[in-house]
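Please read the structure below before turning to the comments.
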Amino acid sequence: MADALTTTSPAPRARVQAMKEYHPPLGCRDNLRLDFNENTLACSPRVKEALAGVSMGSLTRYPEREPVEAMVAAHLGLNAEQVALTNGVDEAIHVLFEAFLEADDELLLPVPTYTMYEVYASATDARVVAVEAADDLQFPFERLLKAITPRTKVIAIANPNSPSGSVATREQILELARRAPQAVLLVDEAYFHFHGETVMDTVGTVPNLIVARTFSKAYGLAGLRLGLLAGPVELMRWVRRVLSPYSVNSLALVCLQAALEDTAYLDWYVGEVLAARTEFESALDAAGVRRWPSRANFILVEIGARHAEFVRLMRAAGVLVRDRSSDPGCDGRVRITIGTREQMRQAVVALNEALTALRSGGETQ
Ligand code: PMP
């Protein structure tokens with residue numbers, strides 16, 4: 001019977017069969033979470049109040065996203081038709097690739113970068129053209145320009161980038177948009193608040209530029225799954241064809257409004273992280289750990305051959321960090337999210353103990 005079931009089980013598309021499995025380590029994360037670049041503390045208290053005000057009756061209805069979309073658009077200085085809310089930026093990436101990438105198209109990606117671009121691209125019939133950064137992990141602008149072809153259909157840039165924390169300048173982004181008019185240029189500003197620079201103000205004036213933002217990072221709403229795409233109406237209408245009108249749930253919509261209004265909380269959290277980042281950089285320098293300059297709420301550090309032991313030792317000390325060794329050009333490198341100053345002081349104690357153990361050969365593989 002089992003055999004009969006196996007032989008008759010329907011096969012997915014060839015591209016799906018060829019996709020790699022991706023299981024981010026989301027289990028057992030009750031320690032200090034410096035592994036996923038989330039807000040490490042809490043969202044605005046106004047969000048809690050908003051949640052408490054939700055009636056059971058309101059949950060019986062399908063969510064109505066348009067009024068909140070209009071509010072978010074106004075907050076960004078845009079028209080409602082230029083903004084689409086999504087179930088996290090991950091859905092935004094998925095929908096954008098579904099809408100624009102077809103067979104023989106090329107997705108141009110500076111690497112290392114955020115994993116999900118490649119995951120969603122691999123579900124389409126397009127080809128990924130990866131352009132690797134040099135050892136300094138700076139944005140490979142010149143190499144990207146050279147890699148543009150008539151088949152380049154989407155260029156995805158995380159700005160700031162993960163795991164490096166490096167940035168592309170406004171001039172570089174606008175030049176890329178100019179040099180590849182046949183392509184959608186996605187600028188993923190997931191970590192915008194920690195960087196402070198944006199190209200959101202050019203949305204609508206650059207015909208092929210789309211900006212993504214998330215509420216998972218500075219706003220502290222990763223569990224609600226909220227993101228957005230902002231772009232010219234001519235492109236957004238195609239995005240909306242593919243995007244589910246139901247994918248952002250009503251609790252997320254209620255909370256989004258509250259989170260946006262509490263600018264004081266956002267400013268406080270970002271200020272705290274930036275102060276913690278400066279302190280943590282000094283601690284890394286004092287410990288003799290190589291680091292890459294970061295404009296985001298995380299720092300990539302060089303641990304070397306014993307990176308897996310380092311991550312294990314940190315976990316044993318109650319601090320979760322993320323091994324990025326399997327990213328292109330990142331062997332031996334670990335990404336550490338920046339939380340509050342108090343949290344990062346705890347992280348520094350764990351880091352120094354782990355390094356001492358590694359340097360004295362305390363733990364073996
Ligand atoms: N873009 C980048 C560059 C990210 O690092 C992440 C989160 N790790 C995301 C998008 C995903 O954001 P969301 O939680 O909104 O799906």
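Numbers here simply count residues along the sequence, with the first being 1. Side chains are part of it too, since the values below use all heavy atoms of this structure and drop only hydrogens, waters and symmetry mates.
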Taking all non-hydrogen atoms of both residues into account, name the closest pair between [X] and [Y] and its distance.
{"X": "Val187", "Y": "Ile173", "answer": "CG2-CG2, 3.8 Å"}
{"X": "Gln82", "Y": "Gly204", "answer": "NE2-CA, 3.7 Å"}
{"X": "Pro163", "Y": "Leu300", "answer": "O-CB, 3.4 Å"}
{"X": "Arg143", "Y": "Ala134", "answer": "NH2-CB, 3.6 Å"}
{"X": "Tyr219", "Y": "Cys43", "answer": "O-CB, 3.3 Å"}
{"X": "Gln346", "Y": "Gly318", "answer": "NE2-O, 4.2 Å"}

Applying the 4.5 Å side-chain criterion to the ILVMFWY set and letting contacts propagate, would Val211 and Met71 be lumped into a single cluster?
->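 Yes; tracing contacts between hydrophobic side chains, which count when under 4.5 Å, links both residues.
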Does any non-hydrogen side-chain atom of [Y] lie less than 4.5 Å from one of [X]?
{"X": "Ser164", "Y": "Gln138", "answer": "no"}
{"X": "Val83", "Y": "Leu78", "answer": "yes"}
{"X": "Leu51", "Y": "Cys255", "answer": "yes"}
{"X": "Arg335", "Y": "Val321", "answer": "no"}
{"X": "Ser166", "Y": "Trp292", "answer": "no"}
{"X": "Val167", "Y": "Glu197", "answer": "no"}
{"X": "Ser216", "Y": "Arg225", "answer": "yes"}
{"X": "Leu355", "Y": "Val289", "answer": "yes"}

Tyr117 side, atom OH; Ser122 side, atom OG - distance, nearest 0.5 Å |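 Reported value, rounded in 0.5 Å steps: 15.0 Å.
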Hey, could you give me the CZ/CG distance between Arg290 and Asp285, rounded to the nearest 0.5 Å?
->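 So the gap between those two atoms works out to 12.5 Å.
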Go through the steps to decide whether Glu272 and Thr340 satisfy the test side chain to side chain donor-acceptor pair (under 3.5 Å), and finish with yes or no.
-> CA-CA 6 Å; Glu272 182 60 35; Thr340 63; 4.8 Å; no
Is the side chain of [X] donor-acceptor paired with the backbone N or O of [Y] at a distance under 3.5 Å, no angle test?
{"X": "Asn352", "Y": "Ala287", "value": "no"}
{"X": "Ser294", "Y": "Phe298", "value": "yes"}
{"X": "Asp188", "Y": "Ala190", "value": "yes"}
{"X": "Asn161", "Y": "Pro112", "value": "yes"}

Pair Ser247-Asn87, side chain to side chain donor-acceptor pair (under 3.5 Å): steps then yes or no = CA-CA 6 Å; Ser247 62; Asn87 190 274; 5.5 Å; no
Step by step, would you call Thr124 with Asp105 a side chain to side chain contact (heavy atoms under 4.5 Å, CB included)?
-> CA-CA 10 Å; Thr124 72; Asp105 282 345; over 6 Å; no
Could you walk me through whether Arg127 and Leu107 pass the side chain to side chain contact (heavy atoms under 4.5 Å, CB included) test, one step at a time?
-> CA-CA 6 Å; Arg127 206 161 61 82; Leu107 165 68; over 6 Å; no
Derivation of the side chain to side chain contact (heavy atoms under 4.5 Å, CB included) call for Leu76 and Arg213 = CA-CA 11 Å; Leu76 296 171; Arg213 290 271 181 93; 3.8 Å; yes
Residue pairs involving residues 16-26 (criterion salt bridge (charged side-chain N to carboxylate O under 4.0 Å, His left out); sequence neighbours excluded) =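 Salt bridge (charged side-chain N to carboxylate O under 4.0 Å, His left out) check on residues 16-26 returns no pairs.
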Qualifying salt bridge (charged side-chain N to carboxylate O under 4.0 Å, His left out) pairs with a residue from residues 199-209, counting only residues at least two apart or across chains |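 Every pair satisfying salt bridge (charged side-chain N to carboxylate O under 4.0 Å, His left out) with a residue in residues 199-209: Arg170-Asp201.
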Note: [X]-[Y] ion pair, threshold 4.0 Å (strictly below):
{"X": "Arg33", "Y": "Glu38", "answer": "yes"}
{"X": "Lys146", "Y": "Glu142", "answer": "no"}
{"X": "Glu302", "Y": "Arg291", "answer": "no"}
{"X": "Arg333", "Y": "Asp323", "answer": "no"}
{"X": "Glu279", "Y": "Arg345", "answer": "yes"}

With Arg295 as the cation and Phe194 as the aromatic partner, state whether NZ or CZ is under 6.0 Å from the six-membered ring centre and within 45° of the axis.
->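 Here Arg295 fails the 6.0 Å and 45° test against Phe194.
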Thr337 pairs by side-chain hydrogen bond (donor to acceptor under 3.5 Å, both in side chains) with which of Asp35, Asn39, Asn37?
->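 Only one option passes, and that is Asn37.
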Crowding at [atom1], [X] (>12 non-hydrogen neighbours, <6.0 Å):
{"X": "Glu342", "atom1": "CD", "answer": "no"}
{"X": "Tyr22", "atom1": "OH", "answer": "yes"}
{"X": "Arg13", "atom1": "CZ", "answer": "yes"}
{"X": "Asp30", "atom1": "CG", "answer": "no"}

Could you please spell out the steps behind the ring-ring contact (aromatic ring centres under 6.0 Å, His included) verdict for Phe97 and Tyr120?
-> CA-CA 7 Å; Phe97 288 6; Tyr120 287 130; 7.2 Å; no
Any chance you could lay out the salt bridge (Lys or Arg N to Asp or Glu O under 4.0 Å) test for Arg240 and Glu69, step after step, and finish with the verdict?
-> CA-CA 13 Å; Arg240 269 185 239 279; Glu69 230 157 44; 3.4 Å; yes
Which pairs would a plain distance check flag for residues 148-157, meaning a side-chain donor or acceptor within less than 3.5 Å of a matching protein atom at least two apart in sequence or in another chain?
from: Thr149; atom 1: OG1; to: Glu106; atom 2: OE1; distance (Å): 2.9
from: Thr149; atom 1: OG1; to: Arg151; atom 2: N; distance (Å): 2.9
from: Thr149; atom 1: OG1; to: Thr152; atom 2: N; distance (Å): 3.4
from: Thr152; atom 1: OG1; to: Thr149; atom 2: N; distance (Å): 2.8
from: Thr152; atom 1: OG1; to: Thr149; atom 2: O; distance (Å): 3.0
from: Lys153; atom 1: NZ; to: Phe100; atom 2: O; distance (Å): 3.1

Will you find, in the side chains of Tyr114 and Asp90, an N or O donor that is under 3.5 Å from an N or O acceptor?
->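 Looking only at side-chain atoms, Asp90 and Tyr114 do form a donor-acceptor pair, the distance falling under 3.5 Å.
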Full working for side chain to side chain contact (heavy atoms under 4.5 Å, CB included) between Val89 and His94 | CA-CA 9 Å; Val89 168; His94 194 180; over 6 Å; no
